[in-house]
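Presented below is the structure to which this report refers.
Side chains included, hydrogens not; waters and symmetry mates left out as well; all remaining heavy atoms used.
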Amino acid sequence: QVQLVESGGGLVQAGGSLRVSCAASGRTFSWSAMGWFRQAPGNEREFVAAISRSGSITRYADSVKGRFTISKDNAKNTVYLQMNSLKPEDTAVYYCAARTYIGSYSDASSYDYWGQGTQVTVSS
């Protein structure tokens with residue numbers, strides 16, 4: 001089992017920055033990739049970014065490329081999502097997820113464990 005706890009969400013003005021974190025515990029050696037997804041009211045959950053265990057592979061949704069950066073700190077078992085140049089359309093609950101087997105980085109069904117989510121609100 002892998003437990004994931006997100007933190008760092010909040011309210012920020014458009015154009016601002018925010019960093020959300022995902023702390024993993026439990027069988028942290030078992031994950032092959034970590035991802036961030038988001039879900040806005042009335043919308044389906046969508047892929048935001050992912051990183052491989054080695055950190056050598058990162059993937060981003062087109063909507064956040066050039067603005068968001070995913071990174072990890074192995075010593076702290078923590079994955080981060082640095083969000084810059086935020087837009088009101090980035091407003092959503094952001095979820096961290098861990099994948100333990102080989103699969104698509106952007107497909108939510110490939111991920112086995114999920115955090116509870118953290119709210120990010122961008123005001124215009």
From [X] atom [atom1] to [Y] atom [atom2], the distance as rounded to the nearest 0.5 Å:
{"X": "Ser25", "Y": "Leu4", "atom1": "OG", "atom2": "CG", "result": "7.5 Å"}
{"X": "Asn43", "Y": "Thr91", "atom1": "CG", "atom2": "OG1", "result": "11.5 Å"}
{"X": "Gln116", "Y": "Gln3", "atom1": "CD", "atom2": "CD", "result": "12.0 Å"}
{"X": "Met83", "Y": "Tyr94", "atom1": "CE", "atom2": "OH", "result": "5.5 Å"}
{"X": "Arg67", "Y": "Gln82", "atom1": "CZ", "atom2": "CD", "result": "12.0 Å"}

Which pair of non-hydrogen atoms, one from [X] and one from [Y], has the smallest distance, and what is that distance?
{"X": "Ser104", "Y": "Tyr111", "answer": "O-CE1, 3.9 Å"}
{"X": "Asp107", "Y": "Ser109", "answer": "OD1-OG, 2.8 Å"}
{"X": "Ser71", "Y": "Ile51", "answer": "CA-CD1, 4.0 Å"}
{"X": "Ser17", "Y": "Ser85", "answer": "OG-N, 4.4 Å"}

Please check if [X] and [Y] belong to a single hydrophobic cluster, counting links between Ile, Leu, Val, Met, Phe, Trp and Tyr side chain heavy atoms closer than 4.5 Å.
{"X": "Trp36", "Y": "Val93", "value": "no"}
{"X": "Phe68", "Y": "Ile70", "value": "yes"}
{"X": "Met34", "Y": "Val64", "value": "yes"}
{"X": "Val48", "Y": "Ile57", "value": "no"}
{"X": "Leu18", "Y": "Val79", "value": "yes"}

**Prompt:** For Glu46, which residues count as a salt bridge (Lys or Arg N to Asp or Glu O under 4.0 Å) partner, sequence neighbours excluded?
**Reply:**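 Per chain and number, Glu46 pairs via salt bridge (Lys or Arg N to Asp or Glu O under 4.0 Å) with Arg38.
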**Item:** Which residues share a salt bridge (Lys or Arg N to Asp or Glu O under 4.0 Å) with Arg19, sequence neighbours left out
**Value:** none
**Asked** Cation over ring, Arg45 on Tyr95, under 6.0 Å and within 45°?
**Response** yes
**Message:** I want to check a possible cation-pi pair here: Arg53 against Trp31, using under 6.0 Å from ring centre and within 45° of the ring axis as the test.
**Reply:** yes
Ignoring hydrogens and geometry, is there a side-chain-to-backbone donor-acceptor pair from [X] to [Y] under 3.5 Å?
{"X": "Gln13", "Y": "Ser123", "answer": "no"}
{"X": "Tyr105", "Y": "Ser52", "answer": "no"}
{"X": "Ser110", "Y": "Gly103", "answer": "no"}
{"X": "Ser32", "Y": "Ile102", "answer": "no"}
{"X": "Asp112", "Y": "Thr100", "answer": "yes"}

**Asked** With a 4.0 Å cut-off, would you call Lys87 and Asp90 a salt bridge?
**Response** no
**Request:** Take Val120 and Val20, measure what side chain to side chain contact (heavy atoms under 4.5 Å, CB included) needs, and give me the verdict at the end.
**Result:** CA-CA 9 Å; Val120 172; Val20 290; 4.1 Å; yes
**Request:** Apply side chain to side chain contact (heavy atoms under 4.5 Å, CB included) to Ala108 and list each qualifying residue two or more places apart in sequence or on a separate chain.
**Result:**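 Partners of Ala108 under the side chain to side chain contact (heavy atoms under 4.5 Å, CB included) test: Phe37, Trp114.
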**Message:** Determine whether Thr78 and Asp73 satisfy the following criterion, side-chain hydrogen bond (donor to acceptor under 3.5 Å, both in side chains), listing intermediate values before the conclusion.
**Reply:** CA-CA 5 Å; Thr78 300; Asp73 184 332; over 6 Å; no
**Message:** Pairing donors with acceptors under 3.5 angstrom, does anything connect the side chains of Thr121 and Gln119?
**Reply:** yes
